[in-house]
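One structure is given here, and the rest of the page talks about it.
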Amino acid sequence: MPLSCCRPDVVPLDKILPDEPLLMMGAGPVPIPQAVAHANSLVINHLGPTMARVIDQVKQMARYVFQSSSPYMLGVAGPGSAAMEMAVCNLVSPGDTVLSVVNGYFSGRMAEMARRAGGNVVEQLVPAGLCAQPDDVERALIAHHPKVLTIVQGETSNTTWNRMLPEICRVAAQHDCLVIVDTVCTLSTMPLEMDNWGVDAVITGGQKGLSSIPGVSLVAFSTRAFEHINNREHAPVQWCLDAKLANGFWNESKYHYTAPTSGILALHEALRLVCAETLEHRFERHLVCSEALQAGIEALGLELLVAKPARLNSVIGIKVPEGVNPDRVRQVMSDKHRVEIAGSFGLSILRIGQMGEQSRAHNLFRTLDALGSSMRECGAKVDVPHGMCELARHLAQRSGAL
Ligand SMILES: *Cc1c(COP(=O)(O)O)cnc(C)c1O
């Protein structure tokens, strides 16, 4: 019998992929270390003793990276957004009031997830270029008595940093409000102290600060949060994201769904490299690299999007000079320099990531040269040698951190 759909005429991957891989300097995914790539090429039994040891170590390392002694360190097969949805749909029940601090696109996504979980969501919009203020949050806590607060540490879409996050978490805890923090782009690039700050759920993806592969994520719940989950009247509708079922796999060796073993092995290696580097050194490396790159960009003659107090270091936003087409700049960077950076959702800006392996001196030089040369080719007045010089000067001053 003839088949009803004909065989497609496809080419092998090497005909699609560029001869020289692009240097991924956008807002994620980011380059991964060799150990992560190798681990990702392996498949093991998802329930055997080898997996049990891997899971045990991933949880230990996650506790260090999240700075938490909570037993509830859960992996998620899915993007950062799946981890986000897992936190939201397990902590928000229909009818719960939720306060969502919204700085931009991703923090807005959490508010939307809380609405879909049946929450009565109050959005607190933070004006562009500013960070959320504890006083404003406290006023909203008093006015609305939310059960859950959602907030992002670094808003990747417009490159703002909620610098006052620790104070905001403390205020929320005083008002008996559970706090969900999105650290997808910031985890392991800057301090995050889950227990000390009183955070109830921290979510992250693999492909940004941790320099692992996309598609396997982590969420950590506090013991207080997990009590709420255990006392829920109804299970969340999302079966795959049910935290109790996930906890069965992550803490009780039970089958939930077939875990993405390769991706978890990759995550294991990414976390191991964070532990080997130590958080202190890793934070310092990210700070030095990002600030040096920012200085280089300004020395080119370009303007950064966000003023210093609320500027995110893990993703740098750059204003595009009038008359210059940002998409064309990215095209030239990609075609001629093999460097990929990001545009943004509707804003006329370019974004360069400083997450994980992106924060290496050699990547900064290549990226800044590519940006400057491509800007010039697209009509911007930039001083490339001056930019490169400032980058080198800043890195030399603090070379001990690299
Ligand atoms: C990238 C990102 C997300 C979404 O992660 P996905 O893996 O694309 O789902 C959420 N929040 C922040 C802050 C991000 O940077």
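Note that ligands are numbered from 1 as they come in the structure, with each ligand's atoms numbered from 1 the same way.
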*Under a 4.0 Å heavy-atom cut-off, what residues line ligand 1?*
P79, G80, S81, M84, F106, R109, V152, G154, T156, D182, V184, C185, Q207, K208
*Considering only NZ, NE, NH1 and NH2 on the basic side and carboxylate oxygens on the acidic side, decide whether R393 and E390 come within less than 4.0 Å.*
yes
Show me, pair by pair, the donor-acceptor contacts under 3.5 angstrom made by side chains of residues 130-137, not counting sequence neighbours?
unit_1, atom_1, unit_2, atom_2, d
Q133, NE2, C131, O, 3.4
D136, OD1, R139, NH2, 2.6

*Is E252 atom CD crowded by more than 12 heavy atoms from other residues, nucleotides or ligands, each under 6.0 Å away?*
yes
*Please indicate whether R338 has more than 12 foreign heavy atoms, meaning atoms of other residues, nucleotides or ligands, lying under 6.0 Å from its CZ.*
yes
*Member of V199, D200, L149 meeting the side chain to side chain contact (heavy atoms under 4.5 Å, CB included) criterion with C169*: V199
*asked:* Can you confirm whether more than 12 heavy atoms, excluding those of K308, are under 6.0 Å from its NZ atom?
replied: yes
